[in-house]
Amino acid sequence: MYKIFLTIRYLRKRRIAYFAIGAVTLCTAMVLIVSSVMGGFLDKLKLKARGLLGDVIVRGDSARGFPLYQELIDEIKQWPEIVEATPVIVTYGMMKFEDSPSVQTVIVSGIKLEETYRVNAFKSGLFYEQHYPGTTTFAPQQQPVVGFDDQRSARKETPEGTIILPVLPLSLADALAKSRAADTNEDDVYAGTRLNEALAEYNLPLIPGVFARGSAPELSNERPRPGFEGEPRDGAIIGRDLVAKRLRDGSYRRYDLLPRGCVVTLTLLPISDAANVDTPIKYPFRYADDSRTGIYEIDSQQVYVAFEVLQKLLQMDAGETIDGDPIPARASQIQIKVAAGVDATALARRLERHFHLYRNDERFNLTFDEKLLLERTEVVTWEESQAHYIKPVEKERQLVTILFGTISLVAAVLVLCILYMIVLQKTRDIGIVKSIGGSSAGVASIFMLYGVAIGVVGSISGSVLGTLFVVYINDIQDLLVWLNPAWQVWDRSVYSFDEIPNTVRPIEVAFIAVGGIFMATMGSMTAAWRAGSMHPVEALRYE
Amino acid sequence: MSNPLMEAVDLRKTYRMGRVGVEVLRGCSLAIGSGEFLAIMGKSGSGKSTLLHLLGALDVPNQGQVTFHDKPIYAPPTQRRFRPGVLDTFSFWEQSRIRLRRHAFGFVFQFYHLLPELTVLENVLLTRMIGTPWLRWGSRRKKYDERARSIIERVGLTARIKHRPNELSGGERQRVAIARALIHDPQILFADEPTGNLDEDSGGRILELLTGLHGEGQTIVMVTHDASVARAADRTLHLDRGVLATN
Ligand SMILES: Nc1ncnc2c1ncn2[C@@H]1O[C@H](COP(=O)(O)OP(=O)(O)O)[C@@H](O)[C@H]1O
Ligand SMILES: [Mg+2]
């Protein structure tokens, strides 16, 4: 009874105990922050990689790709374990916007849009598709332009005359109305385009994205109508960091120079059937949409075009030799979505064996070269395909957490020192308590309780502090950068993600908090032992 | 005299200071009858406190034995542990001494020895807090509280019940200490120079209090170097060069 009573009294009266609590708080928070950020980083990495790749990937080792991909897809789609499979072609190229002087090196992926939507999370990262659902397509299309429509345009009477504002083509306006009715993504809309500035001036709803022409209010009589103009062109989806600039608040700044539907030319290197690099070809695409995965490396270099178009441009489509023998079409990857609960690793192994059997299959009659390409394919899970990237991070996380945990021993030592000091200060009291019947174990447990209390209070406040810190870590970073740009800790081009991971896992918090309490208890042990074994008479005589 | 309440036989205590041993008690024997007020006199440094600590089960003698109600309170000499550690709490002899301190003995010291963080009431209750198991505290708390208040009234400090020791005078503090020593109705009250640190006036009040308690049947063993103080007792023993002598 008296133990708790005295513990509470001592805790309240000893200001120095707050230092011990502070030390435990800081150490708990520190370990929590490190482990959460690194753990969150890892999770994000895994999630993103998986979301982009599908669960299982068939990949070849040559830029020429591998044959029989469609035969494999048609077969395995019948398997109950497989939900969807889609071929992909990956190559490198140069990208140039018609109205921009700069040329960029990009990775060009040929994908089947509808299938990709089903295999991974690609669709949710598309900007125009979010705001104008159903309007993003790889099919040849003209460029949408905004213009003036006597029925739909807003008008304002001014002393100078009637001002009327441009509107979207009807089909886009309808699509926008649909997404607004469902759930708008207004926060994603950059207000700084000329058109949006004009709309904002008249308190009209902003138009997401950038569209050609008709940017400013119109006073003249020459009023182009909203609609579609120019040559129909194949669509391309471009990584968002290639077309817009990310602002510190997380939104993207878009440019009037790069409207939706403008021409973007890709220069590609086809490889001939004889495995020679052919003359580069230039092909104009239409900027159909832009995608954001959150991984900077992808968003700053990926361009997606229609699988069939890229296949043809790279001469990977089916054909005939001069002698009239058939040449099978080729792809560089197959991305596969696996049904829930299926062991992806086992499936990958099975799939690989199965695909390699095609090599000598009578049905296909492959040439030696083609057999080689097929034989060199491998089937991996998304984790395996990213292992070179994920494994080191996993190890790093363990290492750093252990390291900081060890550093936290400092807190235990501090608790020990402070409690030892208190024990010495309280020597006389210890003598008194013993002289009126307190046992050695009882006295020791007062100081143990004291240590536990320090641990509990410190751990809880450390957990709260750490959690807050992690949750607001990006704001803290922004603040630091605002104070001094050189304090940018998180470089998004280095760490792949544009935000510092800020998820806190409750299990981890609990584990670390218990660790903190344990440390403080261990720290208080020695002091408690010393207090308990004090001789009552000597303690009473202590000056 | 029937069987004495407490009896000490041939108590010896040696303090080791490095290699040299200082033999402070060299064979003290005495008997304390129930209801008696015994004074032990001696010069400063003669070993009075040491003797009192041994009688009150606060320390362990090198030789000799103390019996309380005819029961020994120290282990046989060969099994004695002079510096009991935390784990000794659970040994038989340590346990029985803890029980005596909790329930049978009360101590008053020269320097009051109150806990500074606690109020007067809490200081007085502390003896009971220590002596009561966890689960019983709730049901007994009220009774103890009343008892503490009446004892505090007895020593005349009702007005100071919420004060802390540093807000009290020396004499008042000593009265709190006496109240603390009395709350559990000890069979023997040990007082180590209870007036040694007080002026004549307050000292006198403390002595009055002690004689009053004695009048009500309280057994008291008091240590003092002051003959005028010793006169309050029924009987006085003199401690000189480690042995006791009647006058
Ligand atoms: N822990 C100790 N170590 C060494 N000597 C001690 C210790 N405690 C007391 N003494 C010595 O024992 C003697 C008796 O002390 P004490 O019993 O306090 O005397 P008194 O109470 O009569 O003044 C003194 O000389 C003192 O110095
Ligand atoms: Mg003394």
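So that the names make sense, note that chain A is the first sequence line, chain B the second, and so on, each numbered from 1.
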Counting only heavy atoms not in Ile507(A), do more than 12 sit closer than 6.0 Å to its CD1 atom? no
Based on non-hydrogen pairs under 4.5 Å, which of Glu94(B), Arg136(B), His103(B), Glu122(B) is most in contact with chain A? Glu122(B)
Taking every heavy atom of Thr89(B) against every heavy atom of Ser439(A), the minimum-distance pair comes out as CG2-CB, 3.4 Å
Winner by heavy-atom pair count (cut-off under 4.5 Å) against chain B, out of Gly431(A), Ala531(A), Ser440(A), Gly532(A): Ser440(A)
Counting only heavy atoms not in Phe518(A), do more than 12 fall under 6.0 Å of its CZ? no
If you define the side chain from C-beta out and look only at heavy atoms, does anything of Lys434(A) sit under 4.5 Å from Leu58(B)? no
For the interface with chain A, which of Asp88(B), Leu125(B), Leu118(B), Leu135(B) has the highest count of heavy-atom pairs at distances below 4.5 Å? Leu118(B)
Holding to side-chain contact (heavy atoms from CB on, under 4.5 Å), I want the full list of residues that pass it with Asp226(B), two or more places apart in sequence or in another chain. Thr224(B), Ser228(B), Val229(B)
Note: Trp529(A) and Val86(B) closest approach over all heavy atoms is O-CG2, 3.7 Å
Find the distance between CG (Leu540(A)) and CD (Gln110(B)) and round it off to the nearest 0.5 Å. 12.5 Å
Indicate the atoms forming the closest heavy-atom contact of Lys426(A) with Pro116(B), along with that distance. NZ-CG, 4.2 Å
What closest approach, in Å, do Ala441(A) and Phe90(B) show between heavy atoms, and which atom pair accounts for it? CB-CZ, 3.8 Å
Tyr15(B), part contacting chain A, at a heavy-atom distance under 4.5 Å: side chain
Honestly, the part of His53(B) sitting under 4.5 Å from a heavy atom of chain A is side chain
Enumerate the residue pairs fulfilling side-chain hydrogen bond (donor to acceptor under 3.5 Å, both in side chains) with a member in residues 180-189 of chain B, sequence neighbours excluded, ordered by first and then second residue. His69(B)-Gln187(B), Arg147(B)-Asp185(B)
Under 4.5 Å from any heavy atom of chain B, what part of Val443(A) do you find: side chain, backbone, both or neither? neither
Is any side-chain heavy atom of Arg541(A) closer than 4.5 Å to one of Ser49(B)? yes
Only pairs of heavy atoms separated by less than 4.5 Å count here; which of Arg99(B), Gln95(B), Arg101(B) has the most with chain A? Arg101(B)
Shortest non-hydrogen pair, Leu114(B) vs Ile432(A), comes out as O-CD1, 3.9 Å
Please identify, among Phe109(B), Phe111(B), Phe105(B), the residue contributing the most non-hydrogen atom pairs under 4.5 Å to chain A. Phe109(B)
